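This one's a predicted model, so the numbers in the text were calculated from it and none came from an experiment. Excluded from the calculations below are hydrogen atoms, water molecules and symmetry mates; all remaining heavy atoms, backbone and side chain alike, are included.
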Amino acid sequence: MTGNSKNSSLIQTLQTVVGAKFTLTDATKMQPFCKGFRFGSGAALAVVRPATLYQIWQLLEACVAADIAVIMQAANTGLTGGSTPDGNNYDRPIVIISTMRISEIQLINNAEQIVGLAGSTLFGLEDLLKPHGREPHSVIGSSCIGASIVGGICNNSGGALVQRGPAYTELAIYAQLDAQGKLSLINNLGIELGDTPEQILTNLQQQNYTAKDVGTPTGHASDQEYQQRVRDIDADTPSRFNNDGRRLYEASGSAGKLAVFAVRIDTYPIPKRQQVFYIGTNDAQVLAQIRRDMLGSFKNLPVSGEYLHRDCYDAAKKYGKDTFLVIDKLGSKYIPKMFAIKRYVDRVAANFKFLPSKISDIGMQYLSYLWPSHLPKRMDQYRDLYQHHWIVEMSGDGVDEGRAYLAEFFAKNEGNYFECTPEEGDKAILHRFVAGGAIGRYQVMHAKELGALMTIDVAFPRNEKEWFETLPPEIDDLIAVKIYYGHLFCHVMHQNYILKKGVDAKALKNKILATFDARGAEYPAEHNVGHEYFAKDALKSFYRRLDPTNSFNPGIGKTTKCKHWAAGKD
């Protein structure tokens with residue numbers, strides 16, 4: 001059978017499993033799935049959108065039999081291109097399996113844990129848990145609003161919440177290929193679901209199990225050591241990063257090298273008492289000292305501590321306004337709809353050469369100008385007074401501890417703070433979280449005069465005191481715009497650069513990364529290597545163990561794209 005006829009036969013099989021409507025082969029319709037949220041793109045033979053977990057299994061069986069590589073994709077919100085193809089130089093065709101139609105979330109153990117199926121999202125989890133007085137392991141997405149639960153686990157994402165750390169579990173159900181190319185279903189959820197793949201996956205999706213079937217497994221459903229780790233402020237290693245071998249376990253950190261059907265994770269009680277403190281200063285060392293004091297000596301750990309520089313404040317205010325307003329006025333559940341509309345508009349506009357690319361972003365930006373200022377006045381006043389802004393949230397007894405400390409600290413040190421009203425606190429946190437998308441909009445609106453957009457998430461050592469970046473002049477002179485924000489307690493910073501026109505982005509990035517290496521930093525910190533970074537030896541070895549034939553998400557971490565990890569191709 002020729003390659004074309006073999007591919008045609010596979011497509012017919014895929015259509016038999018999910019239906020022709022949900023088997024995409026037209027390049028225009030596949031484009032939203034083949035192009036990354038911010039980075040990377042490539043060709044695929046087909047995009048399939050199953051409605052059940054068992055359909056995923058059937059699709060995997062068909063692809064394995066046809067010797068086709070598979071990329072499992074959920075929300076496609078990653079920043080490093082890790083859930084899309086990368087170029088067209090694969091040795092086999094690729095099929096993308098989009099899981100977003102399978103979004104069910106199941107509560108177990110009195111809502112103290114959940115089982116999130118392949119396409120479930122943090123939006124859905126937050127809404128589901130709220131009536132039970134509980135909340136998710138992570139927030140709506142610090143840099144990629146709309147993220148999926150399984151995607152977060154597979155990429156060690158998150159970590160903004162100081163008491164919880166990055167997304168992690170040892171309890172998952174997934175498909176794996178062994179060295180002989182045999183596909184197996186591994187059920188490590190700790191739930192009795194049957195024997196065959198059809199029984200297991202159907203019973204799971206339909207929740208055909210009882211409380212007796214839900215065991216108490218030995219594995220953890222969250223990072224149990226993180227609080228102690230983040231408090232160790234004198235350690236010369238970062239608190240969390242993607243290459244951390246202590247948190248590479250089966251689905252966790254797998255980056256698509258397993259086909260993950262569902263994960264089991266912990267949930268957390270919503271604190272009865274919360275308070276957001278808004279801190280401003282013109283001295284980065286002021287924030288460094290507060291960080292060390294709160295982590296090193298506070299009895300109660302903060303909930304979160306989100307930093308943004310004045311330039312980031314301005315960019316998010318102007319270019320993240322539409323996203324802010326949608327979430328603030330309509331709720332986070334409308335964001336996926338907004339993204340779907342944007343993709344549709346851009347796809348249609350691509351058929352007309354006289355229209356600019358990213359026309360949906362341009363249109364939404366101009367519409368946002370019609371809305372009055374959306375941020376609280378006290379925040380805007382601090383914007384004028386201070387270049388460094390830090391949004392610190394405390395809960396329970398930590399509220400009084402934080403209040404007393406900050407009053408005493410700022411009586412003696414430069415800067416100031418105010419206690420947010422509930423509305424101010426919500427808006428401050430939301431303003432910080434729309435910053436990630438605002439950077440891309442900034443570049444779109446200034447594409448004619450600016451160069452490439454470059455984003456880096458970097459984890460600095462816990463004992464690093466010079467946390468705010470000062471670049472050498474030979475690097476700084478090549479950058480038009482610098483936008484800094486991040487999770488200051490854990491020293492994970494998102495450093496975004498828009499380069500001057502004509503600057504070689506790849507060469508400049510290597511120079512910046514070299515400055516991080518010299519400081520003992522790790523990168524990426526929470527978005528995984530994708531196709532943008534080299535996987536270090538520990539991560540590469542982990543990928544090889546999970547996927548000996550290199551059939552799932554080949555090429556991740558700039559490894560070889562060839563079957564069986566062909567020698568000399570890394």
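- The side chain to side chain contact (heavy atoms under 4.5 Å, CB included) search around V214 returns I108, N109, I191, Y209, R264, not counting sequence neighbours.
- For K257 (side chain) and F552 (main-chain N/O), a donor-acceptor pair under 3.5 Å exists by modelled atom type.
- Using a 4.5 Å heavy-atom cutoff, the side chains of S357 and D346 are not in contact.
- The two residues T549 and S551 come nearest to each other via the heavy atoms OG1-OG, 2.8 Å.
- Between the side chain of K35 and the backbone N or O of G40 there is no donor-acceptor pair closer than 3.5 Å.
- The heavy-atom pair separating L499 from V503 by the smallest distance is CD1-CG1, 3.9 Å.
- With contacts defined as side-chain heavy-atom distances shorter than 4.5 Å, the pair T52/L201 does not qualify.
- The shortest distance between side-chain heavy atoms of I173 and I186 does not fall below 4.5 Å.
- Judged by distance alone, the side chains of Y497 and Q495 do bring a donor and an acceptor atom under 3.5 Å apart.
- Taking 4.5 Å as the limit, every side-chain heavy atom of V529 sits out of range of all side-chain heavy atoms of N242.
- Within the model, atoms CG of L367 and CG of D322 stand 8.5 Å from one another, a figure rounded to the nearest 0.5 Å.
- The salt bridge (Lys or Arg N to Asp or Glu O under 4.0 Å) contacts involving residues 179-201 comprise nothing, where partners must be two or more places apart or lie in separate chains.
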- Message: Using side chain to side chain contact (heavy atoms under 4.5 Å, CB included), reason through L107 and L129 one step at a time and then give a plain yes or no.
- Response: CA-CA 8 Å; L107 302 178; L129 289 175; 3.7 Å; yes
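- Between K558 and D86 there is no salt bridge, since no side-chain N of the basic residue sits under 4.0 Å from a carboxylate O of the acidic one.
- Cation-pi geometry between R134 and Y268 is not met at under 6.0 angstrom from the ring centre and within 45 degrees of the axis.
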- Query: Could you walk me through whether I11 and Q15 pass the side chain to side chain contact (heavy atoms under 4.5 Å, CB included) check?
  - Reply: CA-CA 6 Å; I11 290 171; Q15 291 174 335; 4.0 Å; yes
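- Distance check: L450 CG to M445 CE gives 12.0 Å after rounding to the nearest 0.5 Å.
- Two residues are said to be in side-chain contact when any heavy atoms from C-beta on lie closer than 4.5 Å; I456 and L513 meet this criterion.
- To the nearest 0.5 angstrom, H527 atom NE2 is 9.5 Å from Y533 atom OH.
- With N155 contributing its side chain and S157 its backbone, the two residues share no donor-acceptor pair below 3.5 Å.
- A cation-pi arrangement is present between K561 and Y90 under the rule of less than 6.0 angstrom and at most 45 degrees off the ring axis.
- The two residues A525 and V492 make their nearest non-hydrogen contact at CB-CG1, 3.7 Å.
- A donor-acceptor pair is defined here as one N or O able to donate and one able to accept, closer than 3.5 Å; no such pair exists between the side chain of N550 and the backbone of A566.
- The minimum heavy-atom distance linking K563 with D67 is given by the pair NZ-OD1, 2.9 Å.
- Checked against ring pair (Phe, Tyr, Trp, His ring centres under 6.0 Å), Y442 has the following partners two or more places apart in sequence or in another chain: Y319, H446.
- Put simply, the side chain of D547 never gets that close to the backbone of R544: no donor and acceptor are under 3.5 Å apart.
- In this structure Y366 satisfies the ring pair (Phe, Tyr, Trp, His ring centres under 6.0 Å) test together with Y369, sequence neighbours excluded.
- To the nearest 0.5 angstrom, L248 atom CG is 5.0 Å from F542 atom CZ.
- If you check the side chains of N496 and T455, you find no donor sitting under 3.5 Å from an acceptor.
- Closest heavy-atom contact between P554 and R92: CB-NH2, 4.0 Å.
- Counting only heavy atoms from C-beta outward, the side chains of W57 and L183 approach each other to under 4.5 Å.
- The closest side-chain donor-acceptor pair between N110 and E112, if any, does not fall under 3.5 angstrom.
- With contacts defined as side-chain heavy-atom distances shorter than 4.5 Å, the pair L117/F261 does not qualify.
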- Please report the C-alpha distance between Y523 and N243 in whole Å, then the side-chain angles of each, then the deciding distance to 0.1 Å, and finally whether the side chain to side chain donor-acceptor pair (under 3.5 Å) criterion is met. CA-CA 8 Å; Y523 51 85; N243 194 46; over 6 Å; no
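- Between the side chain of T267 and the backbone N or O of A111, at least one donor-acceptor pair lies under 3.5 Å.
- Looking at E250 and N188, their side chains do bring a donor and an acceptor atom within 3.5 Å of each other.
- The residues K506 and D504 are annotated as not salt-bridged, no charged nitrogen and carboxylate oxygen being separated by less than 4.0 angstrom.
- A salt bridge does not link D266 with R164: every distance from a Lys NZ or Arg NE/NH1/NH2 to an Asp or Glu carboxylate oxygen is 4.0 Å or more.
- Counting heavy atoms from C-beta outward, L10 and L45 have side chains that approach closer than 4.5 Å.
- Note that CZ of R240 and NE2 of H487 are 5.0 Å apart. Values are rounded to the nearest 0.5 Å.
- Taking both residues in full, the closest heavy atoms of G451 and I498 are given as O-CG2, 3.9 Å, listed atom of the first, atom of the second, then distance.
- Surrounding CG of D537 are at most 12 heavy atoms belonging to other residues, nucleotides or ligands under 6.0 Å away.
- Rounding to the nearest 0.5 Å gives a distance of 8.5 Å between CD of Q55 and CD of Q205.
- Within a 6.0 Å sphere centred on NZ of K511, other residues, nucleotides and ligands contribute 12 heavy atoms or fewer.
- Distance alone, capped at 3.5 Å, is enough to place a donor-acceptor pair between the N203 side chain and the L193 backbone.
- Under the ring pair (Phe, Tyr, Trp, His ring centres under 6.0 Å) criterion, F516 pairs with F460, not counting sequence neighbours.
- Partners of F22 under the ring pair (Phe, Tyr, Trp, His ring centres under 6.0 Å) rule, at least two apart in sequence or in another chain, do not exist in this structure.
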- V70/I97 under side chain to side chain contact (heavy atoms under 4.5 Å, CB included): CA gap, chis, key distance, verdict: CA-CA 7 Å; V70 172; I97 299 178; 3.9 Å; yes
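- Between the side chain of N553 and the main chain of I556, no donor-acceptor pair closer than 3.5 Å is present.
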- Please step through side chain to side chain contact (heavy atoms under 4.5 Å, CB included) for the pair L122 and S138, ending with a clear verdict. CA-CA 7 Å; L122 290 173; S138 189; 4.2 Å; yes
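- Looking at Q106, its side chain does come within 3.5 Å of a backbone N or O of L204 through a donor-acceptor pair.
- Judged by distance alone, with hydrogens and angles left aside, the side-chain atoms of S9 form no donor-acceptor pair with the main-chain N or O of S5 at under 3.5 Å.
- Other residues, nucleotides and ligands contribute over 12 non-hydrogen atoms within 6.0 Å of the NZ atom of K536.
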